[in-house]
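Contents: one structure, followed by commentary.
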Amino acid sequence: MMRRIRKAAVIGSGVMGSGIAAHLANIGIPSILLDIVPEELTPMEKKHGATLADQSVRNRYSLEAINKLQGQKPAPLVSKQRLSYIEPGNLEDDLHKLKTVDWIIEAVVENIDVKKEIMRMIEPVRKQDAIVTSNTSGISIEEIAAGCSDEFSAHFLGAHFFNPPRYLPLLELIPTSRTNDEITTFMKAFAETTLGKGVVLCKDTPNFIANRIGTFSLLSTVNEMLANGYSIGEVDSVTGPLLGRPKSATFRTLDVVGLDTFLHVAQNVTKVASGREREVMTPPAFIREMVDKGWIGAKAGQGFYKKQPDGILEINPHTLEYERRKKLQAPSVEQAKKAKNAREKIKMMAAAEDRAGRLVWAILKPLLLFSAEKVDEIANEIQSIDQAMKWGFGWELGPFEIWDALGVAETVTRMEKEGETVPDWIKEMLDKGFDRFYHEDSFYNQGQYELPAVSEKIIHLSKADKLIMKNAGASLHDIGDGVALLEFHSETNSIGLDAIQMIRKSIVEVEQNYQGLVIGNYGKNFCVGANLMLLLMEAQDDNYPEIDYVVRQFQQASAAIRYAAVPVVTAPYGMTLGGGAEICLPSASIQAALETYIGLVEVGVGLIPGGGGNKELYLRQLERLPSGVKLDLQPIANAVFETVAMAKVSTSAEEAREIGFFSERDDWIANQAFIIAEAKRQAIHLAEKGYRPPQKRPIPVVGETGYATMLLGAKALKTGGRISEHDVKIADKLAFVIAGGRVAKGAYVDEQYLLDLEREAFLSLIGEPKTQQRMQHMLLKRKPLRN
Ligand code: NAD
């Protein structure tokens, strides 16, 4: 029988429980969220005459947790409408409901006795065959289910989410010696495909992988700071992006985690730690003092940092006084900032002999040695450690990738010269002639390079032999089965003339030799829009014919996507802004990642969409309506106007559907790594169904009266002082374009006419000094200017 997770239960409605329930809701799995029954009334409940027997009181914890989900940042839910997927309850009145679920997730306080008690409660009511997981951060999974039956234990394993569950990709799965292999295999596939997680299988050892390595590295960094007189801010200025890690670096990460939680997690290993780990894992006294004072980080308003109206202060670990935040200034820092990727930055920093370089090496050395010492104990192979650190802590390079970046042999020599003992298996690896941990797609394991279990859902783009054509902005690859992939590859995936021209050339090629085209890439963002810098330079040179040419080319590329004889499927993820959105909108189908932030944001730089985006968004709204029904076009035009004028950006693919960027023929999947394969599958599916491009048809518009209606709202905002004169000018042009210009209400116009209106409006706005100021500001400050 096929196993399915139709419904889940989450026990414990705290930070993690509610976040996990929200993520389940995001991907469409309903859940019951259960917590303990309160023993006392709150003052507010007393005031309202409630009693302890009232349902609203008995469900207080889960109700409050569900309520909180709505205001939390970053948003745990992909759409407010998803809230209805979570049913509140409590562990007394609703325990019987566990019978109805396929997966029970324990996420109660980190206390072995409480967790064991929960298993004791679950066991008699759970449906036979239902899976049970624990979200413990580091308690032994085997011990949690120690007293349970074999049948229960066969279905029980650790499933450790990272906070926030919607956004952090890592899910550590920890089977015990009693877990049925079929359950582990199912959970891995389910978590990757349906939950969209990066799954790492761990051994059942304290803190599993990411927290074991992560807490060690964080504490060894704290120790180095104390031993060699660095400040909190100085350490953070070097241990963030310069090492390919998030901006929150070391101490801001700890403030977010909470110092209390951090100490708790650290304590999990003190019993088993020996050698290097034992020395490092004893937290310094000043952190304990901070916890005693309640200065536990962001949730308390102060920790290693404290925000003041005039800036951010850092704590002095020796005096526990807050002082002005410092940054480490050193030649190596300036040099590494200019390096083109994390590998080079780390290499430069680790080799530097100045104060910053010494700090980096003193932090990396124990991390690399500790990871190498622990592989066998905590993981199945080295790749699990690297993936856990990348997916769980947001590092660009895991420890073994860092070894490779520094050069394994050179690093071993340096370490030994400094009196360190390097694990034998690394020296044996070098002796056997393997000089790196990773070779192409394989990783080193027990005397050989081993290929990872490649999922057929991931298409690797590294194989240059499948390149069809390429220019500076984009390349076209053959990805098999008669499908080609067009990939943008400028630095931020912004699109310039090169990429635009490649779209048109690709479609010609694909129409001749392939059955479908996918437009997609892997990176941080699908496409952040048109290359503003180029457009601004042309505008400042008054080179309007060139801008006109670029816009025409873009419009033609967009039309080529829409009317291609083969299906063009786009695979957006992350930021899909301006021109990026305009490439998706005309495609035959959009196969997005759930985390897609799509918007026509040109107004922010004083422009309106110029690549056909207004018309495409309008057409998508028209297509939503049943044919034959007499349309009131005005609400449709108004909705498009509002979306573009307010530069609305969806906070997820689900919201993109609600706003109108996505339609019925589009879809999303939770795992971003799978989108290109999914888009390819969709292209094949459409081709095999006998794909036919849409027909060119006249488009009904609201005309001159509709234009006036749209503009009314903007003028009211201007009168209320909410928008500027220049905003009104942009709104005016936009309304005119969407309305179809000076025609009668309900008139039919052709697409080219609408594109001409759009291009004229674009060209007139780009000549405006205030628009150019906005563009310049965006390029320099990365923020919109309100002028
Ligand atoms: P939390 O304190 O926010 O929530 C714990 C919940 O457990 C509360 O809702 C509480 O009412 C409930 N609870 C307390 N006693 C209970 C009992 N006897 N029976 C049933 N429920 C009870 O904690 P959290 O951060 O959500 O952590 C939950 C689990 O997830 C812990 O095991 C923790 O180690 C783990 N975890 C936490 C994080 C994180 O970053 N917060 C990350 C990964 C894993």
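All values below were derived from every heavy atom in this structure, side-chain atoms included, with hydrogens, water molecules and symmetry-related copies excluded. One-based numbering, in listed order, for ligands and for the atoms of each. Residue indices begin at 1 and follow the sequence shown.
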Strictly distance-based, threshold 3.5 Å: is any side-chain N or O of Arg325 a donor or acceptor partner for the main-chain N or O of Leu313?
no

Any ion pair linking [Y] and [X] (charged N to carboxylate O, less than 4.0 Å)?
X	Y	value
Lys115	Glu143	no
Arg178	Asp150	yes
Glu373	Arg276	yes

side-chain hydrogen bond (donor to acceptor under 3.5 Å, both in side chains) between Ser149 and Glu123: does it pass, once the steps are laid out?
CA-CA 8 Å; Ser149 71; Glu123 187 159 15; 2.8 Å; yes

What does the list of residues with a heavy atom under 4.0 Å from ligand 1 look like, ordered by chain and number?
Ser13, Gly14, Val15, Met16, Asp35, Ile36, Leu91, Ala107, Val108, Val109, Glu110, Val114, Lys115, Ile118, Asn135, Thr136, Ser137, His160, Phe161, Asn163

With sequence neighbours left out, write down each residue that passes side-chain contact (heavy atoms from CB on, under 4.5 Å) with Thr42, or none if nothing qualifies.
Met44, Glu45, Arg60

